[in-house]
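Every chain is numbered from 1, with letters handed out A, B, ... down the list of sequences. Please read these numbers as outputs of a predicted model, since none were measured by experiment.
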Number of protein chains: 2
Amino acid sequence: MFYLRSMARIKTDKNISRKDVIVTKAAALFREKGFKAASMRDLAEAVGVEAASLYNHIKSKTELLHELCFSVANRFTHKIDEIEAEPINSIQKVEKLLRFHIHEMINHYEEVYVSDREWKHLADPYLSNFQNQRRIYRKRFAAIIEAGIRNKEIKKIDAPTAVLIMLHAISGIESWHRSTQKIGAEELEENMITILVGGLVNR
Amino acid sequence: MFYLRSMARIKTDKNISRKDVIVTKAAALFREKGFKAASMRDLAEAVGVEAASLYNHIKSKTELLHELCFSVANRFTHKIDEIEAEPINSIQKVEKLLRFHIHEMINHYEEVYVSDREWKHLADPYLSNFQNQRRIYRKRFAAIIEAGIRNKEIKKIDAPTAVLIMLHAISGIESWHRSTQKIGAEELEENMITILVGGLVNR
DNA sequence: ATATATTGCTAACATTCGTTAGTTGTTTTA
DNA sequence: TAAAACAACTAACGAATGTTAGCAATATAT
């Protein structure tokens with residue numbers, strides 16, 4: 001028996017739900033075009049399905065953005081939990097945190113980028129929650145730097161400004177990804193650490 | 001004589017065209033909501049006029065984006081022309097360029113932000129031109145850093161990576177603007193210079 | 001093998017969007 | 001002051017958007 005028209009399903013490996021496939025494709029699309037400019041029909045095409053079919057797996061377009069933003073934010077929150085508890089000095093904590101940011105930006109580019117740039121399009125209460133979570137994260141990061149300043153490990157600088165510089169500098173890895181003549185990922189990481197940590201340490 | 005319905009015109013001072021008023025309001029709106037999410041009806045309301053009336057002064061929504069992006073890009077191009085010609089060392093050139101970026105980001109926040117984040121929505125040939133202009137600018141910036149490395153003024157680092165860090169770090173001033181507890185603009189500037197230049201210099 | 005749950009499809013909806021046409025009111029020019 | 005230029009308005013268009021309803025095909029469980 002054969003069918004004139006076959007309904008090809010979204011391909012999934014074990015342990016990867018169809019929803020995960022959609023979320024992943026959404027990240028790539030939102031990164032490329034921006035959340036607002038990316039249409040559900042674009043996403044459907046990327047997934048290989050009709051637009052309406054997506055709604056068997058997801059609740060709404062905004063839900064995709066929630067999932068992306070919070071999965072990224074939660075990873076950073078867990079990491080700073082971990083690092084705060086370690087018995088190392090402030091500069092080492094900053095360096096560990098920066099390296100984590102760099103790895104995330106290199107390896108989960110699309111999601112991290114979307115979370116960074118498109119969170120504005122979240123709707124309340126997600127919007128407020130997200131902003132809160134980020135604000136708290138930055139405060140904890142700043143607190144690590146302030147501890148380093150008190151120990152004289154770190155220059156006397158405004159800690160929130162330092163945090164702002166670090167986080168945005170790392171988001172510049174976006175340009176590296178789009179660049180045609182990329183240096184290696186490890187070299188990129190070492191250069192970033194050299195410049196950023198070098199700008200903090202007290203000598 | 002009086003009118004039941006009055007047609008209030010867009011207010012203009014001398015030397016400020018109605019188009020300039022629209023472009024300025026567009027910058028604020030595009031910054032707040034993003035280019036795609038900001039509608040012409042939103043813009044009309046901000047200007048105090050009906051949406052259709054805008055088209056007596058502008059050609060299209062995209063034209064607004066062109067004007068914003070290129071006016072910003074041209075200011076940076078002119079500045080680097082100027083700085084390249086000065087008889088000062090590389091670190092001083094970098095510092096001057098950074099201070100210019102910081103001033104622009106502080107004083108022309110909305111336009112610079114829009115140019116930085118929303119250029120993706122330009123259409124060709126503007127898109128290609130813009131990307132080209134930015135690429136060339138970054139190369140010239142990198143060349144200044146490379147000269148500094150050759151003179152041993154600057155650490156041995158990958159110059160394009162350094163440029164990427166600097167430019168994105170400065171775009172972080174966006175967070176400063178949105179922050180409720182802002183430090184002063186001068187203090188912000190000095191902190192940024194301390195950290196960024198401090199990360200470059202060879203000691 | 002049959003029943004049930006999934007997942008796909010087509011068609012269509014209500015909105016919103018950028019933009020144009022045509023007109024009226026207001027300012028500037030001759 | 002009349003004519004010409006300018007800038008506002010109302011109305012509407014066609015296209016695109018997110019989403020729903022209802023049905024067909026496929027996979028899974030009994």
Residues at least two apart in sequence or cross-chain that pass ring-ring contact (aromatic ring centres under 6.0 Å, His included) with B/Phe30, listed by chain then number, are B/Phe35
What are the residues of residues 29-40 of chain B, sorted by number, that bring a heavy atom to within less than 4.0 Å of DNA chain C? B/Ala38, B/Ser39, B/Met40
Quick one: salt bridge (charged side-chain N to carboxylate O under 4.0 Å, His left out) pairs with a partner in residues 127-137 of chain A, sequence neighbours left out? A/Asp116-A/Arg134
Which pairs count as salt bridge (charged side-chain N to carboxylate O under 4.0 Å, His left out) when at least one residue sits in residues 56-65 of chain A, sequence neighbours excluded? A/Lys19-A/Glu63
Roughly how bent is the helix from C/dA1-D/dT30 to C/dA30-D/dT1 end to end, in steps of 10 degrees, with each end axis from five pairs? 20°
With respect to the phosphate group of C/dT7, does any side-chain polar atom (N or O) of A/Arg18 fall under 4.0 Å of OP1 or OP2? yes
With the side chain of A/Arg41 defined as its heavy atoms from C-beta on, choose the nearest nucleotide among D/dA12, D/dT19, D/dA8. D/dT19
Angle between ring planes, A/Phe100 versus A/Phe76, binned at 30° and 60°: parallel, tilted or perpendicular? perpendicular
Applying salt bridge (Lys or Arg N to Asp or Glu O under 4.0 Å), name anything that partners A/Glu187, two or more places apart in sequence or on another chain. none
Under the salt bridge (Lys or Arg N to Asp or Glu O under 4.0 Å) test, which residues partner A/Arg99, sequence neighbours left out? A/Glu95, A/Glu189, A/Glu190
A/His66: ring-ring contact (aromatic ring centres under 6.0 Å, His included) partners, not counting sequence neighbours: A/Tyr126
Got a sec, which residues hit ring-ring contact (aromatic ring centres under 6.0 Å, His included) with B/His177, two or more places apart in sequence or on another chain? B/Tyr109
So, using salt bridge (Lys or Arg N to Asp or Glu O under 4.0 Å) as the criterion, who are the partners of A/Arg75 when residues are at least two apart? A/Glu104, A/Glu111
Counting only non-hydrogen atoms, which of residues 52-65 of chain B are less than 4.0 Å from DNA chain C? B/Ala52, B/Tyr55, B/Ser60, B/Lys61
With sequence neighbours excluded, residues passing salt bridge (Lys or Arg N to Asp or Glu O under 4.0 Å) with A/Arg138: none
